[in-house]
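Below, read A as the first sequence line, B as the second, and so on, with proteins coming before strands; counting in each chain starts at 1.
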Amino acid sequence: MDTDFFQQVYAVVRLIPKGRVTSYGAIARYLGAAKSSRMVGWAMNASHGLPDVPAHRVVNRIGMLSGKAHFANPFEMQRLLELEGVQVKEDQIVEFHQRFWDPQLELN
DNA sequence: CCATTGACTTAAG
DNA sequence: CCTTAAGCCAATG
């Protein structure tokens with residue numbers, strides 16, 4: 001389980017800076033599985049109960065809160081984001097292009 | 001074992 | 001940005 005794909009996803013998600021967000025595809029690309037963005041989503045689905053995996057900082061490529069329905073309640077994801085200073089309007093992250101954090105570029 | 005599903009992405013129109 | 005279509009692959013039925 002050490003080099004599990006899921007574990008790698010969690011490792012990257014934990015590195016997302018507060019107030020920044022990234023996409024499933026960006027994470028998948030960073031892990032060398034560019035075409036497996038869906039599996040990143042699966043990993044997040046399994047991340048429930050893990051101590052510090054900020055799943056709310058991971059959205060789809062246009063900054064929409066596609067995973068909000070999978071939280072305890074659909075408002076939790078938006079609430080957590082706004083708590084970190086990320087503004088959300090109509091289930092979409094405001095100024096998404098600015099807020100976007102690409103592990104491939106920023107983590108290096 | 002085959003079929004369907006899905007917290008996705010890209011390309012084309 | 002919307003729609004349609006196709007690719008992707010683990011999990012589930």
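- Between B/dT10 and C/dC1, the two P atoms lie 13 Å apart (nearest whole Å).
- Backbone-only engagement by A/Arg29 is indicated by non-hydrogen atom pairs under 4.0 Å involving sugar-phosphate atoms exclusively.
- Distance, A/Met64 CE to B/dT9 P: 10 Å, rounded to whole Å.
- Using modelled atom types, one side-chain atom of A/His48 and one backbone atom of A/His70 make a donor-acceptor pair closer than 3.5 Å.
- Taking A/Asp52 as the reference, A/Arg14 meet the side-chain hydrogen bond (donor to acceptor under 3.5 Å, both in side chains) condition, with sequence neighbours excluded.
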Would you list the protein and nucleotides 1-3 of chain B atom pairs, both N or O, that sit under 3.5 Å from each other?
none

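- Proximity of a side-chain donor or acceptor of A/Tyr10 to a complementary backbone N or O of A/Ala43 within less than 3.5 Å is detected.
- Between the A/Ser37 side chain and the A/Tyr24 main chain, no donor and acceptor come within less than 3.5 Å of each other.
- Counting to the nearest Å, the C1' atom of C/dC1 and the NZ atom of A/Lys89 are 19 Å from each other.
- Dense packing is recorded around CD of A/Glu82, with more than 12 heavy atoms of other residues, nucleotides or ligands lying under 6.0 Å away.
- Of the options A/Arg20, A/Arg99, A/Glu84, a side chain to side chain contact (heavy atoms under 4.5 Å, CB included) to A/Arg57 is made by A/Glu84 and by none of the others.
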Between protein and nucleic acid, restricted to nucleotides 6-8 of chain B and to nitrogen or oxygen atoms under 3.5 Å apart, what atom pairs and distances do you find?
from	atom 1	to	atom 2	distance (Å)
B/dA7	OP1	A/His70	NE2	2.6
B/dA7	N7	A/Gly41	O	3.4
B/dA7	N7	A/Asn45	N	2.9
B/dA7	N6	A/Met44	O	2.9
B/dA7	N6	A/His48	NE2	3.3
B/dA7	N3	A/Tyr24	OH	3.3
B/dC8	OP1	A/Ser66	OG	3.1
B/dC8	O2	A/Ser37	OG	3.2
B/dC8	N4	A/Arg38	NH1	2.9
B/dC8	N4	A/Arg38	NH2	2.2

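- Look at the C1' atom in both B/dC1 and C/dA10: the space between them is 16 Å, to the nearest Å.
- Residues A/Met64 and A/Val94 are members of separate hydrophobic clusters, defined by side-chain heavy-atom contacts under 4.5 angstrom among Ile, Leu, Val, Met, Phe, Trp and Tyr.
- When side chains are defined from C-beta on, A/Leu65 counts as touching A/Ile93, because their heavy atoms get closer than 4.5 Å.
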